[in-house]
Number of protein chains: 2
Amino acid sequence: MKGLTELLKGALEGIVLQRISQGETYGYEITNYLIDLGFEDIVEGTVYTVLLRLEKKGLLSVERRKSEMGPPRKFYSLNEAGQRYLSDFWQKWGFLTATMAKLKEQQND
Amino acid sequence: MKGLTELLKGALEGIVLQRISQGETYGYEITNYLIDLGFEDIVEGTVYTVLLRLEKKGLLSVERRKSEMGPPRKFYSLNEAGQRYLSDFWQKWGFLTATMAKLKEQQND
DNA sequence: CAAACTATATAGTATTACAAGGTAGGTGAG
DNA sequence: CTCACCTACCTTGTAATACTATATAGTTTG
């Protein structure tokens, strides 16, 4: 789906963290995975900036390893802070979606 | 709930449009309504900038009328373009929440 | 009249996703 | 070999947008 850019703001960090929490992975794979999921517009540059931001926030463990294919990869995994952050993210997301649903169902008062 | 700021980005326009679609209303009322709904952090300035943005995009009809209470109000209602925009917003929102749900349920592949 | 509430508005800032482009390793076709 | 293509990471600049802080002003109430 296209034109999600603005809606993605703020959600992208959680999305990337969630993907990493499912198993050690790296930027290029994350990008392709998200595109396959349906976020067609996501480009590599965006994912890399998110990854660097998450790393700076101290939420990720990083390890550079050779690849069987192409240049070396930077493998990411969640550390404890990252897991807390992710859990916090899903809580906020749940609240947001619930509130949005309330809003939508509301009839004219 | 607090700390939703970044998640709200992009959603706020839809939220405000949806509120207006439920019946003619004005900035101050919208702000208080959203705070009551649960978006505690939303401040007046934010709502007004969203309203002016939506107006500039040609999605709203505006009418300034005297208030029974306090200074005059700017009453907003959705025009046709606004209704299309809102419907489009909910479609994107639906896609986003569905995709997020898929992502969350995904087990390690 | 002063405080509190109602109501709108704006200038400045921080965050963040994208656009565009660069760097580089590996592989296969010609 | 070299050119194209895929894999992989990174950076600079820009646009969008929500908040902070503040200003302005009408109305009500003590």
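Every chain is numbered from 1, with letters handed out A, B, ... down the list of sequences.
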- Item | Distance in angstrom units between B:K74 NZ and D:dA25 P, rounded | 17 Å
- Task: Answer yes or no: is there an ion pair linking A:R84 with A:D88, defined by an N-O contact shorter than 4.0 Å?
- Result: no
- Query: Roughly how many Å is it from OH in A:Y26 to P in D:dT7, rounded to a whole number?
  - Reply: 9 Å
- The nucleotide from D:dC10, D:dT28, D:dA16 with an atom nearest the side chain of A:E6 is D:dA16
- Could you give the NZ-to-C1' distance, from A:K92 to D:dA18, as a whole number of Å? 15 Å
- Item | B:E40 versus B:I35, closest heavy-atom pair with distance | O-CG1, 4.2 Å
- Query: Is B:L12 touching bases, backbone alone, or none of the nucleic acid, heavy atoms closer than 4.0 Å?
  - Reply: sugar-phosphate
- Query: For A:L51, which contact category applies under a 4.0 Å heavy-atom criterion: base, sugar-phosphate, or nothing?
  - Reply: nothing
- Query: Nearest-Å distance, CZ (A:R65) to C1' (D:dT7)?
  - Reply: 17 Å
- Euclidean distance, atom CD of residue A:E63 to atom C1' of D:dC9 [Å, nearest integer]: 17 Å
- Report the C-alpha separation of A:Q18 and A:F89 in whole Å, then their side-chain angles, then the decisive distance to 0.1 Å, and conclude whether the side-chain contact (heavy atoms from CB on, under 4.5 Å) test is met. CA-CA 10 Å; A:Q18 173 66 20; A:F89 167 79; over 6 Å; no
- Task: May I ask you to test the A:L96-B:L8 pair for a side-chain heavy-atom distance under 4.5 Å?
- Result: yes
- Query: Side chains of B:L12 and B:I42: closer than 4.5 Å at any heavy-atom pair?
  - Reply: yes
- Can you tell me the distance, in whole Å, between the CG atom of B:L54 and the P atom of D:dA16? 14 Å
- Those residues that, when tested against B:E6, pass side-chain contact (heavy atoms from CB on, under 4.5 Å) (two or more places apart): B:K9
- Item | Pairing residues for B:F75 by the ring-ring contact (aromatic ring centres under 6.0 Å, His included) criterion, not counting sequence neighbours | B:Y26
- Where chain A begins and ends its contact with DNA chain C, read 5' to 3' at 4.0 Å from heavy atoms: C:dT16 to C:dG26
- Message: Nearest heavy atom decides the nucleotide; on that basis, is A:V50 or A:P72 closer to the 5' end of DNA chain C?
- Response: A:V50
- Task: May I ask you to say what B:T49 touches in the nucleic acid, namely base, sugar-phosphate or nothing, with a heavy-atom cut-off under 4.0 Å?
- Result: base
- Check whether any side-chain nitrogen or oxygen of B:R53 sits under 4.0 Å from OP1 or OP2 of D:dA16, and answer yes or no. no
- Message: Given the structure, check if the side chain of B:K9 and the base of D:dA16 hold any donor-acceptor pair shorter than 3.5 Å.
- Response: no
- Mind checking what makes side-chain contact (heavy atoms from CB on, under 4.5 Å) contact with A:E63, not counting sequence neighbours? A:E24, A:R65
- Item | Short side-chain N/O contact from B:K66 to OP1 or OP2 of D:dG26, under 4.0 Å | no
- Message: Checking A:L37 now: which residues fulfil side-chain contact (heavy atoms from CB on, under 4.5 Å) with it, not counting sequence neighbours?
- Response: A:Y33, A:L34, A:F39, B:T99, B:K102, B:L103
- Query: Is B:L54 reachable from B:L52 through a run of hydrophobic residues whose side-chain heavy atoms are each under 4.5 Å from the next?
  - Reply: no
- Task: Using atom CZ of A:R73 as one end and atom P of D:dC6 as the other, report the distance to the nearest whole Å.
- Result: 16 Å
- The correct set of residues in residues 35-48 of chain B placing a heavy atom under 4.0 Å from DNA chain C is B:E44, B:G45, B:Y48
- Check whether any side-chain N or O of A:R64 sits under 4.0 Å from OP1 or OP2 of D:dA8, and answer yes or no. no
- Item | Atom pair distance, as rounded to whole Å: OH in A:Y28 and P in D:dT7 | 4 Å
